[in-house]
Peer 1: 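Provided herewith is a single structure, encoded as structure tokens, for subsequent inquiry.
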Amino acid sequence: MSELTLLLIRLAFLAVLWFFVIAAVGVIRTDLFGSRATAQAPARKPAKPARQPTKPKKGEPRQLIVTGGPLQGTIIDLTETPITIGRANDATLVLSDDYASSRHARLFPQDGQWIVEDLGSTNGTYLDRSKVTRPTPVHLGVPIRIGKTVIELRK
């Protein structure tokens, strides 16, 4: 091989190596600090009139209970507001788990049922034993696993 070919191969290898390092640092930064806010503010929807909190119907879940992990026994009453789960301090359920992302998952009410959605976490969110890949309805008593933490919806 000529010296020019070897030099080009070395430079290409060096470029790929630097690309990998920069990508790894970006992933670590996103996991620690969350994703960047967009430069342009999103358009705001007109304010809706305040609604009275509705009582859950018979058979609907009323509480989110942590059944496994370091926060076992923690209870969150369910309202109309979404529940965020992760390591970020502004999450509704803050996990101190190495396997949880800063913004790991979200539970929200939709059409009379609760939906779990993985927010692009590194290690995934599991409903029963299935990995959540899209927003999925959650039934009473079905475990949701995020790292070492297990939560359930209960009456």
Side-chain angles (χ1 to χ4, degrees), residues 16-155:
V16 169
L17 182 65
W18 273 107
F19 176 75
F20 174 75
V21 169
I22 291 169
V25 168
V27 167
I28 292 170
R29 185 192 117 330
T30 302
D31 196 36
L32 290 176
F33 303 112
S35 59
R36 282 188 212 159
T38 57
Q40 187 179 19
R44 294 185 180 213
K45 294 181 182 177
K48 293 181 181 179
R51 293 184 1 196
Q52 295 292 334
T54 58
K55 275 186 157 182
K57 295 178 185 168
K58 194 171 189 174
E60 285 187 3
R62 295 188 175 132
Q63 296 177 328
L64 176 72
I65 299 178
V66 180
T67 58
L71 297 175
Q72 185 171 359
T74 303
I75 299 173
I76 297 174
D77 290 325
L78 299 177
T79 60
E80 291 294 315
T81 58
I83 296 172
T84 55
I85 304 167
R87 288 193 331 229
N89 290 331
D90 62 344
T92 310
L93 181 61
V94 178
L95 304 177
S96 56
D97 189 339
D98 292 336
Y99 298 104
S101 299
S102 54
R103 284 171 183 71
H104 196 100
R106 170 173 85 117
L107 275 165
F108 59 95
Q110 182 179 7
D111 300 329
Q113 59 185 354
W114 282 86
I115 309 292
V116 65
E117 176 183 25
D118 186 82
L119 300 176
S121 65
T122 306
N123 294 314
T125 302
Y126 292 86
L127 181 62
D128 203 6
R129 293 185 179 169
S130 303
K131 189 170 185 175
V132 174
T133 56
R134 58 186 173 86
T136 308
V138 180
H139 301 288
L140 283 171
V142 176
I144 301 168
R145 187 172 56 82
I146 297 172
K148 297 175 184 175
T149 304
V150 181
I151 58 177
E152 292 180 11
L153 295 177
R154 299 228 179 126
K155 290 184 189 180

Peer 1: For the CG atom of Leu107 and the OG1 atom of Thr81, what is their distance to the nearest 0.5 Å?
Peer 2: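 That separation rounds to 11.0 Å.
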Peer 1: Check whether Arg87 reaches the backbone of Ala100 with its side chain - one donor and one acceptor, N or O, closer than 3.5 Å.
Peer 2: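 Here the side-chain-to-backbone pair exists.
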Peer 1: His104 side chain to Gly124 main-chain N or O, any donor-acceptor pair under 3.5 Å?
Peer 2: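 Flag set: sc His104 to bb Gly124 pair under 3.5 Å.
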Peer 1: Measure across Trp114 and Pro61 and return the closest heavy-atom pair with its distance rounded to 0.1 Å.
Peer 2: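 In this case the closest contact between Trp114 and Pro61 is CD1-CG, 3.6 Å.
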Peer 1: Check for a donor-acceptor pair, side chain of Asp128 on one end and backbone N or O of Ser130 on the other, with a separation under 3.5 Å.
Peer 2: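 The answer is no, because no donor-acceptor pair under 3.5 Å joins these two groups.
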Peer 1: Quick one: pull up OG1 in Thr122 and CD1 in Ile28 and give me the separation to the nearest 0.5 Å.
Peer 2: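 The distance works out to 10.5 Å.
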Peer 1: Looking at Ile83, Leu153, Val132, which one forms a side-chain contact (heavy atoms from CB on, under 4.5 Å) with Val116?
Peer 2: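 Passing option: Val132.
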Peer 1: Quick check for you: to the nearest 0.5 Å, what is the distance between Asp118 atom CG and Tyr126 atom OH?
Peer 2: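 It comes to 9.5 Å.
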Peer 1: How many angstroms lie between CD1 in Ile75 and CZ in Arg154, if you round to the nearest 0.5 Å?
Peer 2: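 Taking CD1 in Ile75 and CZ in Arg154, the distance rounds to 9.0 Å.
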Peer 1: Provide the closest heavy-atom pair for Pro137 versus Leu127 in the form atom of the first, atom of the second, distance.
Peer 2: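 Residues Pro137 and Leu127, closest heavy atoms: O-CD2, 3.5 Å.
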Peer 1: Identify the heavy atoms of Ile115 and Pro135 that sit nearest to each other, and give their distance.
Peer 2: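 In terms of heavy atoms, the two residues are closest at CG2-CB, 3.6 Å.
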Peer 1: Please check if atom CG in Asp90 has more than 12 non-hydrogen atoms from other residues, nucleotides or ligands closer than 6.0 Å.
Peer 2: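 More than 12 heavy atoms, drawn from other residues, nucleotides or ligands, come within 6.0 Å of this atom.
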Peer 1: Would a distance-only check, ignoring hydrogens and angles, find a side-chain to backbone donor-acceptor pair under 3.5 Å from Ser121 to Leu119?
Peer 2: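 Between the backbone of Leu119 and the side chain of Ser121 there is no qualifying donor-acceptor contact (under 3.5 Å).
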Peer 1: Could you give me the CA-CA distance, side-chain angles and deciding distance for Thr125 and Ile85, then say whether side chain to side chain contact (heavy atoms under 4.5 Å, CB included) is met?
Peer 2: CA-CA 10 Å; Thr125 302; Ile85 304 167; over 6 Å; no
Peer 1: Is a side-chain donor or acceptor of Ser102 paired with a backbone partner of Ala88 at a separation under 3.5 angstrom?
Peer 2: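 A pair under 3.5 Å: no.
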Peer 1: Using every non-hydrogen atom in the two residues, find where Thr92 and Pro82 come nearest and quote the distance to one decimal.
Peer 2: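 Heavy atoms only, the tightest pair is OG1-O, 4.1 Å.
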Peer 1: My understanding is that only one of Thr67, Val66, Ile151 makes a side-chain contact (heavy atoms from CB on, under 4.5 Å) with Thr74; could you say which?
Peer 2: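 In the set Thr67, Val66, Ile151, the residue that makes a side-chain contact (heavy atoms from CB on, under 4.5 Å) with Thr74 is Val66.
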Peer 1: Would you call Lys148-Asp98 a salt bridge at under 4.0 Å N-O?
Peer 2: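 Looking at Lys148 and Asp98, the cut-off is not met.
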Peer 1: Quick check: closest heavy atoms across Pro109 and Thr79, and the distance to 0.1 Å?
Peer 2: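 Closest approach of Pro109 to Thr79: CG-O, 4.2 Å.
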Peer 1: Looking only at non-hydrogen atoms, find the nearest pair between Lys155 and Gln63 and report the distance.
Peer 2: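 Minimum heavy-atom contact is O-OE1, 4.1 Å.
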